S.K.: 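One structure, pasted below without further comment.
One-based numbering along the sequence shown. Everything numeric here is computed off the predicted structure, so don't read it as measured data.
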Amino acid sequence: MSNTLGTDTADGRQPQGASGAGDAAKSASPAPPRAAAHRRGRARMRLEIAVLSAPAIITFLAFVIFPVALAAYYGFYQWKGYGDPTDWVGLNNYKLILTDPAFHDVLWHNGLILVLSLVIQGPLAIVLALLLNQRIRGRSTIRVLIFVPYIISEVIVGTGWSLLLQSNGAVNDLLRSIGLGSLETDWIADPDLAIWTLMVIITWKYIGFAVILMLAGLQSIPDEIFEAAQIDGASYWQIQRRITLPLLGPTIRIWAFLSIIGSLQLFDLVYIIWGQYVSGTAGTSTMAIYMLAQGRNAGSYGYGSAVAVVMFLISLVVALLYQRFVLRRDLQGAVTEGTV
């Protein structure tokens, strides 16, 4: 019996016990070369990430973090914009901002612009995207015409609209020529109309960007889903409500985030059309306009720096809250643990 255990079986195979012991020994033996190669691969990946991200990180630190830190530093002083800041006022600038009724007004204007932008542009962009996603004649031309205002400079847009909307501008001339002279008004200076005039201009300017984003989101939805729904007897509106809109949700949320940040930082169109003085009386002044008027133009750069810090903090808090409660579902799974 001892001889049979040490030899092969009759058909040339090794005994099962011997092969099992060999497999166990192989599985138990470490593989240092593979582990070392894996560690080298991970180190190389980290190095590549560091090298590729370094320019962006340096740029972000130089043009975002450093200016914000410098503005926060100047915000603690009553500084005139030249020389070393020496008149320390501590938190007085920030207290004045938070208690100033004028700042409360511009904060309300920014909030109103934010809400109206979402309410007006969002549904309109979805409807236009659904229309332009169909096979209709002239679809490419319509897409270009909708997107063109977005790429036009804000200076050109503001100057053109300000000329059109003056009391003796083209809009009132058109109303008179078609017999609607009773509708003539001061579209820019009237406090009851100025904010709506601004929203028309903002919608005309930025709706193209929203439509392009929605179209990209629609084209990423497989056609097989719509075909299956049609086979099941779903109507057009049922398909849009139960399939298109839910699948378009990530695109809508990203667009809404960009629109919110843009509304909080709105400056150029308001300054070009209304200026810092008319915007206050017309009800279109924003936090950025307030920062310019109370900071640089008033010769109080320390106060203006404090306003800039407050704007940054408001935008940061809104962005973090939006990411935490709205974008969380889209970010889950985007970064997998253990991949780096």
S.K.: Give the minimum heavy-atom separation between Gln230 and Ile239, together with the two atoms involved.
M.R.: CG-CD1, 3.6 Å

S.K.: Who clusters with Val89? Use side-chain heavy atoms, under 4.5 angstrom, across I, L, V, M, F, W and Y, and order the result by chain and number.
M.R.: none

S.K.: Please round to the nearest 0.5 Å and tell me the distance separating atom CG of Leu248 and atom OG of Ser220.
M.R.: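 With rounding to 0.5 Å, CG (Leu248) is 7.5 Å from OG (Ser220).
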
S.K.: In this structure, are over 12 heavy atoms from other groups packed under 6.0 Å from Arg253 atom CZ?
M.R.: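 Atom CZ in Arg253 is crowded, with more than 12 foreign heavy atoms closer than 6.0 Å.
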
S.K.: For a 4.5 angstrom cut-off between non-hydrogen side-chain atoms, does Met287 reach Phe103?
M.R.: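 Touching, per the 4.5 Å side-chain cut-off.
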
S.K.: For the pair Val307 and Gln294, evaluate side chain to side chain contact (heavy atoms under 4.5 Å, CB included) and give the outcome as yes or no after the intermediate values.
M.R.: CA-CA 9 Å; Val307 176; Gln294 302 297 326; 5.5 Å; no

S.K.: Describe, in one word, how the ring planes of Tyr150 and Phe147 are oriented to each other, choosing from parallel (under 30°), tilted (30 to 60°) and perpendicular (over 60°).
M.R.: tilted

S.K.: Heavy atoms, side chains only, cut-off 4.5 Å: are Leu327 and Ile254 in contact?
M.R.: yes

S.K.: With rounding to the nearest 0.5 Å, note down the distance linking OG1 in Thr203 to CD1 in Ile120.
M.R.: 5.0 Å

S.K.: Identify the two heavy atoms, one from Ala293 and one from Asn297, that lie closest to each other, and give their separation to 0.1 Å.
M.R.: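 Taking Ala293 first and Asn297 second, the nearest heavy atoms are O-CB, 3.8 Å.
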
S.K.: Got Ile252 and Ile126 here, is their nearest side-chain heavy-atom distance under 4.5 Å?
M.R.: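 Yes - at least one pair of side-chain heavy atoms lies under 4.5 Å apart.
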
S.K.: Can Ile212 be reached from Ile221 by stepping across I, L, V, M, F, W or Y side chains whose heavy atoms are under 4.5 Å apart?
M.R.: yes

S.K.: Under the side chain to side chain contact (heavy atoms under 4.5 Å, CB included) rule, what do Trp274 and Thr281 come out as? Steps first, then yes or no, please.
M.R.: CA-CA 10 Å; Trp274 282 271; Thr281 59; over 6 Å; no

S.K.: Rounded to the nearest 0.5 Å, how far does CG of Asn110 lie from CE of Met311?
M.R.: 7.0 Å

S.K.: To the closest 0.5 Å, what do you measure between CD (Gln166) and CD1 (Ile273)?
M.R.: 11.0 Å

S.K.: Give a yes or no answer on whether the side chain of His109 reaches the backbone of Ser285 with a donor-acceptor pair at less than 3.5 Å.
M.R.: yes

S.K.: Would you say Ser259's side chain and Trp255's backbone share a donor-acceptor pair under 3.5 angstrom?
M.R.: no

S.K.: What pair of heavy atoms forms the shortest contact from Pro246 to Arg241, and how long is it?
M.R.: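 Taking Pro246 first and Arg241 second, the nearest heavy atoms are CD-O, 3.4 Å.
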
S.K.: Tell me whether the rings of Trp79 and Tyr74 are parallel (<30°), tilted (30 to 60°) or perpendicular (>60°).
M.R.: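 Parallel, since the angle between the ring planes stays under 30°.
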
S.K.: Is there a side-chain contact between Arg143 and Leu215 in this structure, where contact means two heavy atoms from C-beta onward sitting under 4.5 Å apart?
M.R.: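 In short, these two side chains touch, coming nearer than 4.5 Å.
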
S.K.: Can you give me every donor-acceptor pair (side chain of residues 185-199, partner residue at least two apart or in another chain, under 3.5 Å) with its distance?
M.R.:
{"from": "Asp186", "atom 1": "OD1", "to": "Ile188", "atom 2": "N", "distance (Å)": "3.4"}
{"from": "Asp186", "atom 1": "OD1", "to": "Ala189", "atom 2": "N", "distance (Å)": "3.3"}
{"from": "Trp187", "atom 1": "NE1", "to": "Asn172", "atom 2": "OD1", "distance (Å)": "3.0"}
{"from": "Asp190", "atom 1": "OD1", "to": "Asp192", "atom 2": "N", "distance (Å)": "3.1"}
{"from": "Thr197", "atom 1": "OG1", "to": "Trp187", "atom 2": "O", "distance (Å)": "2.8"}
{"from": "Thr197", "atom 1": "OG1", "to": "Leu193", "atom 2": "O", "distance (Å)": "3.0"}

S.K.: Would you indicate whether the side-chain heavy atoms of Ile142 and Leu132 approach each other to under 4.5 Å?
M.R.: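 Yes; the side chains approach each other to less than 4.5 Å.
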
S.K.: Measure the shortest side-chain to side-chain distance between Ile202 and Leu116 over non-hydrogen atoms and say whether it is less than 4.5 angstrom.
M.R.: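 No, side chains not in contact.
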
S.K.: Which residues pass the side-chain hydrogen bond (donor to acceptor under 3.5 Å, both in side chains) test with Asp100, not counting sequence neighbours?
M.R.: Tyr290

S.K.: Taking atom CG of Leu258 and atom CZ of Phe209, what is their separation to the nearest 0.5 Å?
M.R.: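 Going from the CG atom of Leu258 to the CZ atom of Phe209 covers 5.0 Å.
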
S.K.: What are the two closest non-hydrogen atoms of Thr244 and Gln240, and how far apart are they?
M.R.: OG1-OE1, 2.9 Å

S.K.: Is it true that Leu98 and Leu107 fall in one hydrophobic cluster, defined by side-chain heavy atoms closer than 4.5 Å?
M.R.: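 Per the 4.5 Å side-chain linkage, Leu98 and Leu107 are not co-clustered.
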
S.K.: Compile the donor-acceptor pairs under 3.5 Å between side chains in residues 47-56 and protein atoms, sequence neighbours left out, one pair per line.
M.R.:
{"from": "Glu48", "atom 1": "OE2", "to": "Arg44", "atom 2": "NE", "distance (Å)": "3.4"}
{"from": "Ser53", "atom 1": "OG", "to": "Ile49", "atom 2": "O", "distance (Å)": "2.6"}

S.K.: How about Tyr301 and Arg296: do any of their side-chain heavy atoms sit closer than 4.5 Å?
M.R.: yes

S.K.: Looking at Arg139, I'd like to know if its CZ atom is crowded, meaning that more than 12 non-hydrogen atoms belonging to other residues, nucleotides or ligands lie closer than 6.0 Å.
M.R.: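 Atom CZ in Arg139 is packed in, count exceeds 12.
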
S.K.: With clusters defined by side-chain heavy atoms of hydrophobic residues (ILVMFWY) lying less than 4.5 Å apart, directly or transitively, does Phe63 cluster with Leu316?
M.R.: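 Hydrophobic grouping puts Leu316 apart from Phe63.
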
S.K.: Evaluate side chain to side chain contact (heavy atoms under 4.5 Å, CB included) for Leu114 paired with Ser117, printing each intermediate quantity in order.
M.R.: CA-CA 5 Å; Leu114 187 156; Ser117 296; 6.0 Å; no

S.K.: For a quick test of reading the model, state the closest non-hydrogen atom pair linking Lys80 to Gly299 and the distance between them.
M.R.: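 Result for this residue pair: CD-O, 3.3 Å.
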
S.K.: Count the heavy atoms belonging to other residues, nucleotides or ligands that lie under 6.0 Å from CZ of Phe66, then report whether that count exceeds 12.
M.R.: no

S.K.: List, by chain and then residue number, the residues other than Val64 in its hydrophobic cluster (Ile/Leu/Val/Met/Phe/Trp/Tyr, side-chain heavy atoms under 4.5 Å); write none if there are no others.
M.R.: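 ILVMFWY cluster around Val64 also holds Ile57, Phe60, Leu61, Ile65.
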
S.K.: Given the rule that I, L, V, M, F, W and Y join up when any side-chain heavy atoms are under 4.5 Å apart, are Val155 and Leu269 in one cluster?
M.R.: no

S.K.: Just by distance, do the side chain of Thr159 and the backbone of Ile156 share a donor-acceptor pair under 3.5 Å?
M.R.: no

S.K.: Only counting residues at least two apart or in another chain, list the ones meeting ring-ring contact (aromatic ring centres under 6.0 Å, His included) with Phe76.
M.R.: Trp88, Tyr94

S.K.: Taking the side chain as everything from C-beta on, heavy atoms only, tell me whether Pro123 gets closer than 4.5 Å to Val119.
M.R.: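 With C-beta onward as the side chain, the pair stays apart.
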
S.K.: In terms of hydrophobic clusters joined by side-chain contacts under 4.5 Å, are Val127 and Leu218 together?
M.R.: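 No, Val127 and Leu218 fall in different hydrophobic clusters.
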
S.K.: Could you report the tightest heavy-atom contact between Ser235 and Gln238, atom names first, then the distance?
M.R.: N-OE1, 3.0 Å

S.K.: Hey, could you give me the CD1/CG distance between Ile261 and Leu266, rounded to the nearest 0.5 Å?
M.R.: 13.0 Å

